[in-house]
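What follows is a set of notes on a single structure, which appears directly below.
A note on names: the letters A, B, ... follow the listed sequences, proteins ahead of strands, and every chain is numbered from 1. Note that the structure is a prediction, hence the values are computed from the model and not measured.
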2 protein chains.
Amino acid sequence: MIRNLTEQDKEHLQEALVKSGQKVTPQREAVFTVLLAERDHPTVDEVFHRAREVMPGLSLATVYNCLETFVGCGLVRQVNHERESTRYCPNLAPHAHFRDKATGRVHDIELPPEVLKSLRSILPPGFDSEVIEISFHGRAQAGEQHSN
Amino acid sequence: MIRNLTEQDKEHLQEALVKSGQKVTPQREAVFTVLLAERDHPTVDEVFHRAREVMPGLSLATVYNCLETFVGCGLVRQVNHERESTRYCPNLAPHAHFRDKATGRVHDIELPPEVLKSLRSILPPGFDSEVIEISFHGRAQAGEQHSN
DNA sequence: CTTGCAGATTAGACTCATTCTAACTGTGTT
DNA sequence: AACACAGTTAGAATGAGTCTAATCTGCAAG
Ligand SMILES: [Mn+2]
Ligand SMILES: [Mn+2]
Ligand SMILES: [Zn+2]
Ligand SMILES: [Zn+2]
């Protein structure tokens with residue numbers, strides 16, 4: 001269930017960390033592995049429990065630290081929905097999030113470049129946006145499986 | 001600075017409250033007045049302090065209650081940005097939010113119907129969204145005054 | 001080798017926005 | 001008057017997230 005990182009993934013991790021002057025550690029590998037294994041936008045706590053199965057001594061503080069580090073070096077995105085616990089997403093392609101009212105699950109929604117562009121175009125001159133967050137909230141029919 | 005509600009606004013408030021089986025109270029009027037007076041997306045605490053100037057006995061709990069009530073009956077929108085305190089917005093037209101990195105201020109960004117439509121169109125069949133939240137984060141040049 | 005250092009990890013304390021609880025108030029009804 | 005009921009209130013509780021201070025872990029210098 002928590003299969004190991006591919007060589008590709010390891011390189012991706014290492015490059016991003018080293019590029020921002022930080023080290024690859026067993027804890028960071030474990031946390032990153034968890035994020036890639038199941039792309040269901042886990043909360044910190046969920047990451048913590050999953051990672052512990054493979055590294056029992058891991059602390060919650062370290063999970064917070066690792067995730068912050070990953071966000072900082074662009075390996076992972078933070079996903080916020082209203083006041084709920086922060087979730088984490090390793091999908092680096094531009095996408096929106098859909099939270100299912102019924103299940104609480106969060107799905108990735110592909111964001112085509114032209115839609116992104118039309119969104120940017122609504123900003124009046126003088127407004128320069130680095131981050132755009134788009135989140136939907138509603139119902140997804142069962143059967144509409146994870147476009148996770 | 002906290003000028004009174006117009007007859008229009010009073011009717012709007014009353015209608016929304018009564019329609020959902022709730023009462024118009026002095027506290028609710030005060031909180032609503034604060035929201036309409038300065039449309040700068042205040043936090044609960046900011047609403048609290050502003051409303052107190054006009055109603056010194058008002059409690060923080062009541063401000064939370066009023067705002068929740070208003071959101072519930074569609075008088076006001078909640079605005080979330082990452083993990084910051086929740087803000088409140090009485091602008092009922094469809095719009096996005098832009099948070100200025102430098103000042104922390106939140107600006108309303110008009111959302112034209114065709115952009116809203118193109119956004120809805122990215123949802124795969126089976127996904128039915130009731131709420132769409134769009135937030136930008138970046139820098140607004142001074143001089144780009146409140147498109148509040 | 002030792003030692004020193006810097007970054008990383010850890011447990012636990014702490015913060016603070018928000019929620020909850022239980023007492024109280026005000027208004028309208030029997 | 002006694003009651004019902006929504007709303008208000010102060011303060012306690014919650015809990016995600018942050019901070020602190022004590023280790024740990026490589027690695028590099030002496
Ligand atoms: Mn969100
Ligand atoms: Mn937001
Ligand atoms: Zn995602
Ligand atoms: Zn707004």
Phosphate OP1/OP2 of D/dA16 contacted by B/Arg83 side-chain N/O (<4.0 Å): no
Nearest-nucleotide 5' precedence on DNA chain D, B/Gln22 against B/Leu60: B/Gln22
Touch class at under 4.0 angstrom, heavy-atom based, for B/Thr25 against every strand present: sugar-phosphate
Option passing side chain to side chain contact (heavy atoms under 4.5 Å, CB included) with B/His12 (candidates B/Thr6, B/Leu92, B/Leu5, B/Leu36): B/Leu92
Euclidean distance, A/Lys23 NZ relative to A/Arg28 CZ, rounded to 0.5 Å: 9.0 Å
Touch class at under 4.0 angstrom, heavy-atom based, for B/Thr62 against every strand present: base
Length of the CD-C1' vector between B/Glu68 and C/dA17, whole Å: 14 Å
Sugar-phosphate, base or nothing in reach of A/Thr43, heavy atoms under 4.0 Å: nothing
Proximity to the side chain of A/Arg28 - top-ranked nucleotide from D/dT9, C/dA8, D/dT18: C/dA8
Rounded distance (Å) that lies between atom C1' of D/dT8 and atom CG of B/Leu67: 14 Å
Distance in angstrom units between A/Glu82 CD and C/dT18 P, rounded: 13 Å
5' priority, DNA chain C, between B/Lys23 and B/Tyr64 [closest heavy atom]: B/Tyr64
Spacing of A/Tyr88 atom OH relative to D/dA16 atom P, expressed in whole Å: 13 Å
5'-most by nearest nucleotide on DNA chain C - B/Ala61 or A/Gly21: A/Gly21
Intermediate values then yes/no, side-chain contact (heavy atoms from CB on, under 4.5 Å), B/Gln27 and B/Met55: CA-CA 8 Å; B/Gln27 287 87 347; B/Met55 182 181 277; 3.7 Å; yes
Pair A/Arg77-A/Asp108, salt bridge (Lys or Arg N to Asp or Glu O under 4.0 Å): steps then yes or no: CA-CA 12 Å; A/Arg77 277 174 54 180; A/Asp108 281 353; over 6 Å; no
Below 4.0 Å: OP1/OP2 of D/dT25 and any side-chain N or O of A/Gln27: no
Rounded interatomic separation in angstrom, taking CD from B/Gln78 and C1' from C/dA17: 12 Å
Nucleic acid contacts of residues 44-58 of chain A, taken as heavy-atom distances under 4.0 Å to DNA chain D: none
Presence of B/Thr86 side-chain N/O under 4.0 Å of C/dA17 phosphate oxygens OP1/OP2: no
Salt bridge (Lys or Arg N to Asp or Glu O under 4.0 Å) partner of B/Asp40, chosen from B/Arg50, B/Arg105, B/Arg87: B/Arg50
Main-chain N/O of A/Asn65 paired with A/Glu68 side-chain donor or acceptor, under 3.5 Å: no
Listed nucleotide nearest any side-chain atom of B/Asn65, set D/dT9, C/dT9, D/dT18: D/dT9
Parallel, tilted or perpendicular: rings of B/Phe98 and A/Phe127 (30°, 60°): perpendicular
